[in-house]
Structure formats: structure tokens, C-alpha cells
Amino acid sequence: MGKMEEFITKQTCQGANKVFPAPPPLPGPATNCRRKGSLMKNGSAIRGNNCAATATRALWDRLFDGGYKTDVIIKTDNGGIICAHSNILGMASPVLRGMLKQAKGFGHRRPISIHIHGAPQDAVRAFIRFLYSSSYEKEEMKEFVLPLLVMSHTYVVPQLKRVCEQQLEHGLLTIENVVDAFQLSLLCDAPRLTLITHRMIVMTCKAVRETEGWKAMKKSNPALEKELLESMMDEEHGRDIMMQKEKNRKSNEQRIYLQLCEAMEALVHIFRDGCRTIGPHDKDLKEHQTPCDYGDCCKGLELLVRHFASCKLRVPGGCIHCKRMWQLLELHSRLCTDSNSCRVPLCRNLKEKIRKQSKKDEIKWKILVKRILRTKRIGGAPIFVSSNSNSSP
């Protein structure tokens with residue numbers, strides 16, 4: 001055993017009788033990193049109004065607010081001045097880095113002076129603060145979301161740009177600012193925001209056309225106004241087409257339900273009263289009868305009944321005509337109020353079969369029965385109540 005091994009063994013044996021303090025707990029997640037109401041996109045979380053840990057944010061905010069060893073003066077409109085650090089600005093924005101290099105090339109002494117035009121001073125301050133701590137105040141975002149969107153695009157700060165788009169999408173987009181947001185989305189290469197704002201303009205066209213933003217766009221960009229008006233007309237025309245299609249669909253459904261109502265009544269009429277060549281066994285059919293009230297429906301049902309009685313593939317699914325007859329018989333059994341004395345074939349047997357039917361099929365039949373009853377209110381109609389042998393024709 002070498003000297004090093006002997007030393008380690010000796011120290012271990014000596015320390016075996018000592019009471020060592022408990023190890024410190026493992027480091028946990030930073031406190032307050034997740035705030036209520038966080039937005040999720042592409043699997044990454046923007047935690048409330050803060051993208052950094054609380055302690056880190058406080059440190060960078062103190063650096064920005066205190067102005068410790070600042071070397072850049074940012075001038076805004078109306079003579080506003082904001083002090084900042086060139087290293088932070090250059091790391092956060094490649095455009096600001098180029099402006100700083102250009103200012104140094106002109107022989108500027110420290111502090112370097114650059115200009116940010118076209119935005120209120122408070123908006124510029126909120127923009128610079130975001131470059132420091134990746135954070136923002138909710139009230140500032142609510143008031144300056146559009147200027148912040150423009151500056152994030154102009155100075156290439158993609159993280160802030162995503163935040164502005166998400167904030168607009170999740171509540172800051174209003175009737176009053178939607179036209180401005182739409183125009184800026186085109187200028188700032190924000191296709192998702194363009195789609196969202198365009199859809200909102202089209203869907204709320206009457207209210208949007210009364211806003212100041214629309215009136216300003218009408219003067220400054222009449223071509224864009226024309227495109228939006230055409231989109232509105234197309235959307236309105238599309239809505240009219242959809243409404244007409246829906247109207248036609250409901251009309252077709254209503255006609256089908258009425259035909260089913262008539263078929264049910266004609267079916268009871270055939271097996272209770274008799275008609276043409278088919279009828280109950282205890283009634284004599286006359287060769288020349290006056291036409292019944294169901295006309296072609298009754299005639300078609302008679303042909304279907306004759307086929308059903310003679311077809312060798314009468315099982316459901318074996319013959320399309322027999323399958324249709326089975327469906328009509330089952331529909332009748334669901335509507336019939338007195339299956340025990342009903343003269344329609346298989347009425348009571350199908351009632352028993354219905355009780356064993358799967359839940360999925362049962363739901364479909366219940367929907368159909370409900371709509372038929374609603375169409376003609378035949379739930380208590382005499383034609384179903386009186387489908388027994390004691391009823392008079």
C-alpha cells in the first residue's frame with residue numbers, strides 16, 4: 001500500500017468516530033419562476049411577465065435603473081434621454097451593436113449617443129429594460145405593445161417579438177387597434193399575426209370601419225383598404241353561400257322526415273285497414289277500391305312488402321330492399337304505442353330486440369325518432385295509437 005493510500009485509510013478511520021453535519025439540501029428550482037397564467041408556445045413557457053428567475057431579474061433591473069457605469073445615451077423623441085450599457089445593448093441586438101460601432105467610428109467620446117425615433121420615451125424605456133432582464137411590466141405591455149412590436153422587429157429582438165405577438169393574440173388585440181396591428185404585422189413580417197388580425201377585421205367589419213385606425217389607413221394606404229373591402233365582400237358572400245347550404249340541408253332533412261312520417265302512417269294503414277292487394281287476414285279486399293290518401297307511398301310499400309315476403313335473402317344485410325324493410329319495421333316499433341295488439345308484423349318482436357341493442361345504435365335511433373316526432377308531432381297521433389284490430393278504418 002502506498003503512502004497516499006495509507007493517509008486516506010488513516011484519515012477515514014480517525015473520522016469514523018466523528019459526527020459529521022448533514023449535507024445541505026439539493027438546489028431546487030428558482031422561486032417564482034412560474035407564475036399563474038403562463039403562456040405556452042412550442043413547448044416553452046413564458047412565465048407570467050418574466051422570462052428569468054426573480055433574483056436574476058432584480059439584479060439586471062438594478063443595473064438598468066441605477067445606471068452604474070453606463071456608457072451609452074439613448075435619445076428619444078421630445079428630448080428624452082435613457083442611459084444604458086453598450087455591452088448589453090450590443091449583445092441583445094445586432095442592429096444596436098452596429099449603431100454603436102458606427103458611433104464609435106465617428107470619433108464619439110464616451111458616453112456614446114444614439115437615437116431611437118418614432119416611439120414614446122416610456123416605450124423605449126420598456127424596450128431597453130427587456131434587453132436587460134427579458135422582462136416587462138403588464139401595464140407597459142398593454143399600453144405600448146405595438147411600438148414594442150415595431151422596435152423588436154427593427155432592432156432584431158426575436159424573443160420580444162414573440163412575446164408581443166402572443167400578448168396581442170391572447171387579449172391585447174381590440175377593435176380599436178386591430179387595423180394598426182394588421183398593417184404593422186405586414187411590415188414586421190409576422191404572418192400569424194397578419195392572419196389573426198385579418199380574420200378579426202373581416203369578422204367585425206362594421207365596427208372596424210368606424211375606428212380611427214381604419215380612417216387613417218383609408219387616407220394613407222387606399223390600396224390596402226381596397227383589398228380589405230374585397231376580403232369583406234368575399235367573406236360576406238361566403239357566409240351567404242354557407243347559410244343557403246345550411247338552409248337547403250335543413251329543408252332536405254325536413255322533407256326526409258316528412259316522407260318517413262308518411263311511410264309510417266301508410267305502413268299502419270296497409271296492415272290495419274288493407275289497401276289494394278295487401279291487408280289484414282280478416283278483411284276482404286275489393287278489386288276496385290277508391291285510392292287511399294297515401295298514393296304512391298302506399299303503392300311503393302306494397303311492392304316492398306311483397307318482395308320482403310318472397311325474398312330468400314330476407315336477413316338484414318343480405319338484400320338492400322329487405323334491409324330497408326327491416327329499418328321501416330324497426331322504426332315503426334319504436335313509434336308504436338301498443339305493440340301487444342299492433343297488426344304490423346314483427347312489431348312486438350322488434351320491441352324485444354331493441355332492448356338488447358348496443359348503446360351506439362340506440363343513440364342513433366333515438367335521434368331519428370326524436371326528429372321525426374318533432375317534425376310532425378306524431379308521438380300521440382291517432383294513426384299509431386289506433387293500429388290495433390279494434391280500430392275502425
Side-chain angles (χ1 to χ4, degrees), residues 60-61 63-67 70-165 167-168 172-174 176-190 193-194 197 211-224:
W60 288 107
D61 282 344
L63 181 63
F64 174 68
D65 294 332
T70 57
D71 57 352
V72 178
I73 293 176
I74 302 172
K75 296 182 179 180
T76 64
D77 295 342
N78 300 324
I81 294 177
I82 301 172
C83 297
H85 300 79
S86 60
N87 290 336
I88 295 176
L89 298 183
M91 289 296 295
S93 167
V95 177
L96 290 175
R97 186 189 313 145
M99 293 173 64
L100 292 171
K101 287 182 178 180
Q102 187 178 14
K104 290 179 181 179
F106 286 140
H108 282 256
R109 297 180 180 180
R110 296 202 175 193
I112 304 171
S113 177
I114 59 176
H115 294 78
I116 295 181
H117 298 291
Q121 181 177 352
D122 291 340
V124 177
R125 176 174 289 276
F127 171 69
I128 301 300
R129 178 183 294 278
F130 190 91
L131 300 183
Y132 274 74
S133 60
S134 295
S135 63
Y136 57 91
E137 297 297 332
K138 290 183 179 180
E139 292 301 322
E140 290 179 341
M141 177 61 68
K142 185 176 180 180
E143 184 176 0
F144 303 118
V145 60
L146 294 182
L148 288 173
L149 175 65
V150 174
M151 286 187 285
S152 67
H153 177 75
T154 303
Y155 297 102
V156 191
V157 186
Q159 185 181 8
L160 178 58
K161 186 175 180 180
R162 287 195 298 270
V163 170
C164 293
E165 291 176 357
Q167 291 295 321
L168 284 167
L172 296 186
L173 199 62
T174 64
E176 296 298 327
N177 67 10
V178 66
V179 175
D180 294 334
F182 174 67
Q183 296 181 85
L184 292 177
S185 69
L186 295 173
L187 297 173
C188 296
D189 189 23
L193 184 60
T194 300
T197 51
T211 62
E212 294 298 325
W214 181 274
K215 296 175 183 177
M217 180 192 65
K218 184 177 181 179
K219 294 180 180 179
S220 61
N221 198 344
L224 184 59

Self-check item: Heavy-atom pair of closest approach, residues Tyr155 and His115
Solution: OH-O, 4.2 Å
Quiz item: Taking all non-hydrogen atoms of both residues, which atom of Gly213 and which atom of Val179 are closest, and how far apart?
Solution: O-CG1, 3.6 Å
Quiz item: Where do Asp189 and Lys161 land on the side chain to side chain contact (heavy atoms under 4.5 Å, CB included) test, with the steps shown first?
Solution: CA-CA 10 Å; Asp189 189 23; Lys161 186 175 180 180; 4.3 Å; yes
Self-check item: CD-NZ distance between Gln167 and Lys138, expressed to the nearest 0.5 angstrom
Solution: 8.5 Å
Self-check item: From Ile74 atom CD1 to Ile128 atom CD1, the distance as rounded to the nearest 0.5 Å
Solution: 3.5 Å
Self-check item: Closest approach of Gly80 to Gln121 (non-hydrogen atoms, all atoms of both residues)
Solution: CA-OE1, 3.3 Å
Quiz item: Parallel under 30°, tilted from 30 to 60°, perpendicular over 60°: which one fits the rings of His85 and Tyr132?
Solution: perpendicular
Practice problem: Check the pair Leu100, Arg97 against side chain to side chain contact (heavy atoms under 4.5 Å, CB included), reporting the backbone distance first and the verdict last. | Solution: CA-CA 5 Å; Leu100 292 171; Arg97 186 189 313 145; 5.6 Å; no
Practice problem: Check step by step if side chain to side chain contact (heavy atoms under 4.5 Å, CB included) holds for Leu168 and Leu146. | Solution: CA-CA 9 Å; Leu168 284 167; Leu146 294 182; 4.2 Å; yes
Quiz prompt | Gap between atom OG1 of Thr197 and atom CD of Gln183 - 0.5 Å precision | solution = 10.0 Å
Quiz item: How about Leu96 and Leu131: do any of their side-chain heavy atoms sit closer than 4.5 Å?
Solution: yes
Quiz item: Donor-acceptor pair, Asp71 side chain versus Ser86 backbone, under 3.5 Å?
Solution: yes
Quiz item: Phe130 and Ser135: which non-hydrogen atoms are nearest, and at how many Å?
Solution: CD1-O, 3.4 Å
Self-check item: Check against side chain to side chain contact (heavy atoms under 4.5 Å, CB included), Arg129 and Asp61
Solution: CA-CA 7 Å; Arg129 178 183 294 278; Asp61 282 344; 3.2 Å; yes
Quiz item: Does Ala190 offer a backbone N or O that forms a donor-acceptor pair with the side chain of Thr194 under 3.5 Å?
Solution: yes
Self-check item: Point-to-point distance, once rounded to the nearest 0.5 Å, from CG of Leu187 to NE2 of His153
Solution: 8.0 Å
Quiz item: How long is the gap from CG on Asp65 to CH2 on Trp60, to the nearest 0.5 Å?
Solution: 13.5 Å
Self-check item: Side chain Asp77, main chain Gly118, donor-acceptor under 3.5 Å
Solution: yes
Self-check item: Thr70, Ile88, Ile82 screened by side-chain contact (heavy atoms from CB on, under 4.5 Å) with Phe64, the one that passes
Solution: Ile82
Quiz item: Hey, are the side chains of Val163 and Met141 touching, using non-hydrogen atoms and a 4.5 Å cut-off?
Solution: yes
Quiz item: Does atom NZ of Lys215 have more than 12 heavy-atom neighbours, drawn from other residues, nucleotides or ligands, at distances under 6.0 Å?
Solution: yes
Quiz item: Has the side chain of Asp180 got a donor or acceptor atom that lies under 3.5 Å from a matching backbone atom of Asn177?
Solution: no
Self-check item: Shortest non-hydrogen contact from Pro94 toward Val156
Solution: CD-O, 3.7 Å
Self-check item: Contact summary for Ala123 and Leu148, nearest pair of heavy atoms
Solution: O-CD2, 3.6 Å
Practice problem: Drop me the distance from Met151's CE to Cys164's SG, to the nearest 0.5 angstrom. | Solution: 8.5 Å
